[in-house]
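What's counted below: heavy atoms across the whole structure, side chains too, no hydrogens, waters or symmetry copies.
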Amino acid sequence: MDNYYKVLFESNIPRYFLNSVIISVGSTVLALCLAVFASYGFARFDFKGKSLFQAFVLVGQLLPTAAIIVPLFVTLRVLGLVNTYWGLILVYMIITLPLSVWMLTSYFKALPVELDEAAIIDGASRVGVLFRITIPLSTPGIVAVVVYSFVTTWNEFIFALCFASDSSVKTLPIGLAEFSTEFNTDWGAVMAASVVMTLPIALLFMSMQRLFVGGLTAGATKG
């Protein structure tokens, strides 16, 4: 238990844990909000260049991390967002948004268009249809996007290392790395901190397992 005491009371892990929660929740909420509107547009509207736009969404996923670190850093520096929560939140939103859009688009396409048409005939607006019908019926797909975005952000290391050098913004993966030096690694502390880092993800999966698996299956097989 000495290792847990060291991690929880003699290190910056509690602060890094809070930072990870704020950044992961913020980027997940932002990515979900944008993905819902983009996915509904792709699933329900036909417009010129639709296929091209959908393919373009995934361009960011095809680029290696090393190719986008420098442009992102320069952009964040110009905007004054280096070493800030918002800087990392925006970066992680950019990372998780493309796949989130594709997952939700597949799920929205699986819902009958007749539901939208019936609601519109009854006087509902497009936004009303989205929030009153489409989103409630798409809970498994939305949960899948939430879990994917949160886990991706929670475990990410490279961007956090490059864009957050201040202890007030560093995340848990960086905290784990700090237990290793050039000459020594405190393996007891690393293992204890790893347990602390894993618990929120384990709880998230256990609480949303049924909906998460259902959302992934529907998004992969329907369209």
Side-chain angles (χ1 to χ4, degrees), residues 1-32 35 61 64-66 69 72 82-100 103 139-217 219-220:
M1 300 303 294
D2 290 342
N3 292 313
Y4 287 99
Y5 184 88
K6 179 189 297 185
V7 165
L8 295 176
F9 300 104
E10 296 180 353
S11 72
N12 289 325
I13 290 297
R15 175 66 191 188
Y16 297 163
F17 185 93
L18 177 62
N19 293 341
S20 288
V21 170
I22 293 173
I23 293 170
S24 298
V25 171
S27 64
T28 298
V29 171
L30 186 58
L32 179 63
Q61 295 287 99
T65 301
I69 284 181
L72 284 175
V82 177
N83 279 323
T84 65
Y85 287 142
W86 275 111
L88 285 177
I89 287 173
L90 290 176
V91 168
Y92 291 142
M93 182 272 292
I94 292 171
I95 295 173
T96 58
L97 184 60
L99 190 55
S100 298
M103 291 170 65
T139 301
I142 290 174
V143 168
V145 168
V146 167
V147 173
Y148 157 73
S149 299
F150 187 88
V151 172
T152 300
T153 303
W154 186 266
N155 293 326
E156 204 284 323
F157 178 81
I158 298 298
F159 291 116
L161 179 66
C162 295
F163 303 150
S165 58
D166 195 302
S167 295
S168 62
V169 188
K170 287 182 179 179
T171 58
L172 274 175
I174 306 302
L176 263 68
E178 290 184 349
F179 290 114
S180 298
T181 64
E182 183 180 357
F183 304 103
N184 183 45
T185 297
D186 189 343
W187 289 111
V190 169
M191 294 299 104
S194 298
V195 172
V196 173
M197 181 176 175
T198 304
L199 282 177
I201 301 299
L203 293 174
L204 182 65
F205 268 104
M206 287 189 293
S207 62
M208 297 184 173
Q209 182 180 10
R210 181 177 59 83
L211 291 174
F212 176 63
V213 173
L216 284 180
T217 304

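- Aromatic rings of W154 and F17 (six-membered ring for Trp) have centroids within the 6.0 Å cut-off, being under it.
- Here the shortest heavy-atom pairing between F159 and V91 reads CG-CG1, 3.9 Å.
- A donor-acceptor pair under 3.5 Å is formed between the side chain of S20 and the backbone N or O of L172.
- Taking all atoms of both residues into account, the shortest heavy-atom contact from S194 to T198 is O-OG1, 2.7 Å.
- The main-chain N or O of V21 is never found under 3.5 Å from a side-chain atom of S24 such that the two would form a donor-acceptor pair.
- With hydrogens and angles ignored, the 3.5 Å screen pairs no side-chain donor or acceptor of D166 with any backbone N or O of V169.
- The two atoms that bring S167 and R15 nearest to each other are O-CG, 3.9 Å, heavy atoms only.
- Crowding of F157 atom CZ: a count of heavy atoms from other residues, nucleotides or ligands under 6.0 Å exceeding 12.
- When atom types are taken as modelled, the side chain of N83 and the backbone of S165 share a donor-acceptor pair closer than 3.5 angstrom.
- E156 pairs by the salt bridge (charged side-chain N to carboxylate O under 4.0 Å, His left out) definition with nothing, not counting sequence neighbours.
- Across every non-hydrogen atom of T96 and A31, the tightest pair is OG1-CB, 3.6 Å.
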Please report the C-alpha distance between T171 and I174 in whole Å, then the side-chain angles of each, then the deciding distance to 0.1 Å, and finally whether the side chain to side chain contact (heavy atoms under 4.5 Å, CB included) criterion is met.
CA-CA 6 Å; T171 58; I174 306 302; 3.9 Å; yes
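- Of the possible polar contacts, one joining the N19 side chain to the K170 backbone as a donor-acceptor pair under 3.5 Å is found.
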